[in-house]
Number of protein chains: 2
Amino acid sequence: MAKLQKSIDKRNALIKATIELVNNNGFHAAPMSKIAKMANVSPATIYLYFENKQDLVNKTYIEVKAKYTQYAFATYNDRLTVEEGFEAIWKRIADFKCKDSENAMFLAQCDNTPIIDETSRQEGIKHLQPLLDLWERGKSKGIIKPISNYILYAYTINPLSFLMMADKRNGFQLDKTHIEMAYQAAWDSIRVN
Amino acid sequence: MAKLQKSIDKRNALIKATIELVNNNGFHAAPMSKIAKMANVSPATIYLYFENKQDLVNKTYIEVKAKYTQYAFATYNDRLTVEEGFEAIWKRIADFKCKDSENAMFLAQCDNTPIIDETSRQEGIKHLQPLLDLWERGKSKGIIKPISNYILYAYTINPLSFLMMADKRNGFQLDKTHIEMAYQAAWDSIRVN
DNA sequence: TATGTAAAAATGAATGTTCATTCACTTTTT
DNA sequence: AAAAAGTGAATGAACATTCATTTTTACATA
C-alpha cells in the first residue's frame with residue numbers, strides 16, 4: 001500500500017507539473033528537467049512512469065479530459081427533459097472551467113495545437129457521448145435545431161473556453177452574472193423558437 | 001526595386017514557411033533550420049530579416065492578423081444597419097476561415113497558446129475595433145443583447161474557429177449550408193427577440 | 001519484534017543529439 | 001570597388017533520454 005500510494009503521488013505530481021508548465025510556457029518551453037524539478041523528482045524518474053515526453057503529454061491529456069467529462073455529467077441522467085439536461089451539463093462545464101481553470105486551460109491548448117497524438121485526441125472525444133445523445137433527443141423532439149453536432153458544440157460548449165481564456169488573460173470576469181448571460185446565448189443559439 | 005523586391009519575397013517565404021511548419025508540427029517542432037530550408041534560404045539569412053525566432057513568430061502573427069481583419073472589414077461601412085453590418089463582417093470572417101485556412105489555423109494556435117508575446121497579442125486585437133463599435137451601436141438601439149463584448153465574440157466569431165478546426169481535422173464539412181446554419185445560430189445567440 | 005536480503009524504485013551525472021544563433025567568407029548590388 | 005545581402009559551417013547551450021549506482025521497500029526468517 002505504502003509503495004503504491006507513493007507511486008501514485010509521484011505520478012500525480014508529474015502530471016500536475018506538466019499542466020502547470022505547459023500552461024505557462026507552452027509545450028516548447030516545458031523541458032523534462034523542469035517538469036522533474038517542479039514535481040520534486042529526478043528527471044530519470046519520469047521514465048519509470050512514462051515512456052517519453054510525448055507519452056507524458058498524451059497521458060496527461062487523457063487524464064484531464066476524463067476528469068473534465070466526469071465532472072460535466074455528474075448531475076445528468078437521461079430522465080431529465082432536454083432543456084433541463086442541457087442546462088445541467090452546460091452549467092457543470094461552466095463550473096469546471098471556472099473552478100478548475102488550470103485543467104481547462106491545458107485542454108484548450110491541447111485541442112488547438114498538434115502537441116498531442118491524434119489517437120489520444122480521439123480517445124478524449126469518446127466520453128462526450130451523453131451530450132451528443134441528448135442533442136439527438138432534442139432534435140427529434142423539435143426542441144433543438146436540426147443542425148450538425150459540430151455546430152451545436154461550437155455554439156454552446158466551445159464559447160466557454162474562449163470566455164475562460166479571456167478571464168485568465170484580460171480584465172474579463174467570468175462570474176455568476178456573465179455565466180447566466182452566456183447560458184442564455186448558448187440556449188438561444190440552438191433552441192427552436 | 002529589384003533588391004527590395006527580392007527582400008520582400010524572401011521575407012514572405014519565411015513567414016509562409018513559419019506558418020506551415022507551426023501548423024503541422026507545432027512551435028516546438030518548427031526549427032529555424034527547417035524554416036530556412038522550406039523558404040529556400042540559409043538559416044543565417046533569417047537573422048537579416050528577424051531578430052530571433054520569437055521575433056519571427058510575433059511578426060508572423062501580427063502580419064496574419066492584419067491580413068485577417070483587413071479581409072473581415074473589407075465590405076463593411078458604418079452606413080449599414082446593425083444587422084446588415086453584422087452579417088457582412090461575420091460572413092467575411094467565415095469566408096476567410098474557409099478559403100485561407102492555413103492562416104486561420106495559425107491564428108487559432110497563437111490565440112490559444114503562450115507562443116507569442118503578450119504585446120503582440122494586444123497589437124493583434126486593436127484592429128477589431130469596428131466590430132466592437134458595431135456591437136455598441138446594436139446594443140444602444142436595443143437590437144443586440146446588452147452583454148459584454150467578450151460574450152458576443154465568444155458566441156459569434158469564435159465558434160468559427162472551432163468549426164474550421166473540425167473541418168480540417170475530422171469529417172465535418174464547413175460548406176455553404178453549414179455556414180448559413182452557423183450564421184443563424186450566431187445571430188440568434190446575440191439578437192434581442 | 002528485529003534482522004537480512006533480494007527486488008523495486010529512485011537518483012544525479014553522463015550521453016549524444018538537436019537547436020538557435022554567430023562568424024568568416026562569398027556573391028550580388030549600386 | 002565599396003556596401004549590402006546572403007551563405008554554409010561552426011559554436012555553445014539546452015535538451016530528451018540512458019546508465020551506473022544508491023536508497024527504499026517487502027517480507028522471510030529467527
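Per chain, numbering begins at 1; letters A, B, ... match sequence-line order. Keep in mind the model is a prediction, meaning the values are calculated, not measured.
Remark: C1' of C:dT17 and NZ of A:Lys53 are 15 Å apart, rounded to the nearest angstrom. Rounded to whole Å, the distance from CG on A:Leu21 to P on D:dC15 is 11 Å. If you take OH of A:Tyr47 and C1' of D:dC19, they are 13 Å apart, rounded to a whole angstrom. Remark: C1' of D:dT17 and CG of A:Leu48 are 12 Å apart, rounded to the nearest angstrom. Between the C1' atom of C:dC19 and the CG atom of B:Asn52 lies a distance of 14 Å, rounded to the nearest Å.
Considering CD1 of B:Ile143 and CH2 of B:Trp135, their distance stands at 15.0 Å, rounded to 0.5 Å.
Of the residues in residues 24-46 of chain A, those lying under 4.0 Å from DNA chain C by heavy-atom distance are A:Val41, A:Ser42, A:Ala44, A:Thr45.
Within the structure, every side-chain polar atom (N or O) of B:Tyr49 is placed at least 4.0 Å from both OP1 and OP2 of D:dA5. Residue A:Lys10 places at least one side-chain N or O closer than 4.0 Å to OP1 or OP2 of C:dA10.
Each of A:Arg92, A:Lys99, A:Lys97 was evaluated against A:Asp95; a single residue qualifies, A:Lys99, per the side chain to side chain donor-acceptor pair (under 3.5 Å) test.
Checked against the 6.0 Å centroid criterion, the rings of A:His178 and A:Phe172 qualify as a close aromatic pair.
The number of heavy-atom neighbours closer than 6.0 Å to CD of A:Gln70, taken from other residues, nucleotides and ligands shown, is 12 or below.
Between B:Ala94 and B:Ile179, the closest heavy-atom pair is CB-CD1, 3.7 Å.
Classified by interplanar angle (parallel below 30°, tilted 30° to 60°, perpendicular above 60°), the ring pair B:Phe162/A:Tyr150 is tilted.
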